[in-house]
Amino acid sequence: MNDAPEVSRPPHYTQGEIEHLDALRTILTADEWRGFLRGQVFKYLWRMADKGKPLEDSRKAHFYLCRLIHHLKEVQGEE
């Protein structure tokens, strides 16, 4: 599934050539990265009914959940 750009690569999260998630992944430990991703999933699901864009927030939660699953597969040697 291809997410809309406002979900997967919003321009305000890029500084020059560096995507904020790439920078974060570089400085965080594996445990910290996992916690960050879990927090993002929770955040978007928690507030989706309050912001007036439930589909967009659901897509954002999905985006971070997919990254979390990918990370867990890497840690367990599945990818």
Next item on the list: Just say parallel, tilted or perpendicular for the rings of Phe36 and Tyr64, cut-offs at 30° and 60°.
Entry: perpendicular
Next item on the list: Considering non-hydrogen atoms only, spot the tightest contact between Glu32 and Thr29 and give its length.
Entry: OE1-N, 2.8 Å
Next item on the list: Please check if Leu72 and Leu21 belong to a single hydrophobic cluster, counting links between Ile, Leu, Val, Met, Phe, Trp and Tyr side chain heavy atoms closer than 4.5 Å.
Entry: yes
Notebook entry, point to check: How about Trp33 and Ile27: do any of their side-chain heavy atoms sit closer than 4.5 Å?
Noted result: no
Margin query: Taking Leu28 as the starting point, is it possible to reach Phe42 by hopping between hydrophobic residues whose side chains are less than 4.5 Å apart?
Written below: no
Note to self: Taking the side chain as everything from C-beta on, heavy atoms only, tell me whether Arg25 gets closer than 4.5 Å to His71.
What the structure shows: yes
Item checked: Flag if over 12 foreign heavy atoms under 6.0 Å of CZ, Arg47 -> yes
Notebook entry, point to check: Rounded to the nearest 0.5 Å, what separation is found between the CE atom of Met48 and the CG atom of Leu55?
Noted result: 8.5 Å
Margin query: Is there a path of hydrophobic side-chain contacts, each under 4.5 Å between heavy atoms, that joins Trp46 and Leu37?
Written below: no
Margin query: Could you tell me if the side chain of Phe63 sits less than 4.5 Å from the side chain of Arg67, heavy atoms only?
Written below: yes
Next item on the list: Measure the CG-NZ distance between Leu45 and Lys60 for me, rounded to the nearest 0.5 Å.
Entry: 12.5 Å
Item checked: Lys43 side chain reached by Asp57 side chain, heavy atoms, under 4.5 Å -> no
Next item on the list: For residues Gly52 and Pro54, report the shortest heavy-atom separation together with the two atoms involved.
Entry: C-CD, 3.4 Å
Next item on the list: For the residue pair Val41 and Arg38, establish whether any side-chain heavy-atom pair is separated by less than 4.5 Å.
Entry: no
